[in-house]
Protein chains: 2
Amino acid sequence: MPKLDAIDRKIIRSLQEDGKISIGELAEKVGLSPSPCARRVRLMEQAGIIKGYAAIIDQKKVGLPISAFASIKLERQREEDLDRFEDAVSRWPEVLDCYLMTGQRDYLMRVVAADLEAYERFIKDKLTRLDNIASIETSFALGQVKRAELLPIAR
Amino acid sequence: MPKLDAIDRKIIRSLQEDGKISIGELAEKVGLSPSPCARRVRLMEQAGIIKGYAAIIDQKKVGLPISAFASIKLERQREEDLDRFEDAVSRWPEVLDCYLMTGQRDYLMRVVAADLEAYERFIKDKLTRLDNIASIETSFALGQVKRAELLPIAR
DNA sequence: GTTGAAAAAGATCATCA
DNA sequence: TGATGATCTTTTTCAAC
């Protein structure tokens, strides 16, 4: 894994703020000429540091105002039980974020939905269909205060 | 606010999967010629449906392996108390996600950090400096199972 | 909404320092 | 690792249909 220097970090920062910035502009921002700048970007893409580029969409404006957080406890926590659960989660498009947690609960996931009914359908038709679920606790978000893409990387 | 038809939704879907796809390729994918396709993208950008474009960065690979979830309860919940809290959150780069919640806890936020010490510093130097914090409960993520950008929009 | 063409901007690559 | 310059691709912006 290549080490990141100050210029790499500047590049990452700029690309998180604007993924569509041109190489020329980016190069100018970080104090390089376009070629070496493009080379650094390519290397970071290949190394998986830059995983990809995405348009950021307003959830509400596309009819998905609900974010529900579900805390999930499994009955068994062997490696293969976790893998099976994680495979399922990866396939469900309603689950936007999912973390394996320390402490009481095993997983914390954020599920988006058009309304409460759609969320209930997700729980009933998908989540509870898995054997191995010990408990589910849901809290709903009243609003998104922040969802940032910009990681707090040292300058 | 313009209504989204099936083609708009396809465009959104493609742009979430690859924010850097060219207009030509995108047009082909959604079954349009480039000009109207570019126009639809521009309109959705202006309407704020597409909020922007960002590079997706691997948190671990840039030295930020810790994700901590902090549940926060405020002492007072008047409009202005919430606003003040949300302003602070918006300014703190360590907080990547933050939601206003129903139920017992007022806010749920995800804080990223290089290590536990950095997280503690965030809590001590920033979060607890706010008056109006009644309680903080932290759980740590052992790993990120999923963080998707692709919203589950009806086809 | 489509097509086609021309102008402008951007990406890429070989090469040299 | 960075700079330069030639080349090739893509985007944008028109017009006309």
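In this text, all values refer to a predicted model and were calculated from it rather than measured experimentally.
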Nucleotide by nucleotide, nucleotides 4-17 of chain C touches protein heavy atoms under 4.0 Å in the pattern (B base, S sugar-phosphate only, - none) B-----SS-B----

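In 5' to 3' order, the nucleotides of DNA chain D bounding all contacts with chain A (an atom under 4.0 Å from a heavy atom) are dT1(D) to dG5(D).
Scored by the side chain to side chain contact (heavy atoms under 4.5 Å, CB included) test, Leu130(B) finds Phe85(B), Ala88(B), Trp92(B), Ile133(B) as partners (sequence neighbours excluded). Ile66(B) is linked by a side chain to side chain contact (heavy atoms under 4.5 Å, CB included) to Ala113(B), Leu116(B), Phe140(B), counting only residues two or more places apart in sequence or in another chain. Residues satisfying the salt bridge (Lys or Arg N to Asp or Glu O under 4.0 Å) criterion with Lys29(A), sequence neighbours excluded, are absent altogether. Qualifying ring pair (Phe, Tyr, Trp, His ring centres under 6.0 Å) partners for Tyr53(A), counting only residues two or more places apart in sequence or in other chains: none. In this structure, the salt bridge (Lys or Arg N to Asp or Glu O under 4.0 Å) partners of Asp131(B), at least two apart in sequence or on a different chain, are Arg84(B). Legend: residues meeting side-chain hydrogen bond (donor to acceptor under 3.5 Å, both in side chains) with Glu75(A), ordered by chain and number and at least two apart, are absent. Every side chain to side chain contact (heavy atoms under 4.5 Å, CB included) that Glu117(B) has, sequence neighbours left out, goes to Asp115(B), Arg121(B). Gln46(A) pairs by the side chain to side chain contact (heavy atoms under 4.5 Å, CB included) definition with Arg42(A), Leu43(A), not counting sequence neighbours.
Rotation axes derived from the C1' atoms of the five outermost pairs at either end of the helix from dG1(C)-dC17(D) to dA17(C)-dT1(D) lie 30° apart, to the nearest 10°.
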Taking only distance into account, with no hydrogens and no angle test, what donor-acceptor pairs under 3.5 Å do side-chain atoms of residues 19-27 of chain A form with protein atoms, sequence neighbours excluded?
{"residue": "Ser22(A)", "atom": "OG", "partner": "Glu25(A)", "partner atom": "N", "Å": "3.2"}

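Judged by distance alone, the side chain of Ser67(B) and the main-chain N or O of Ala141(B) form no donor-acceptor pair under 3.5 Å.
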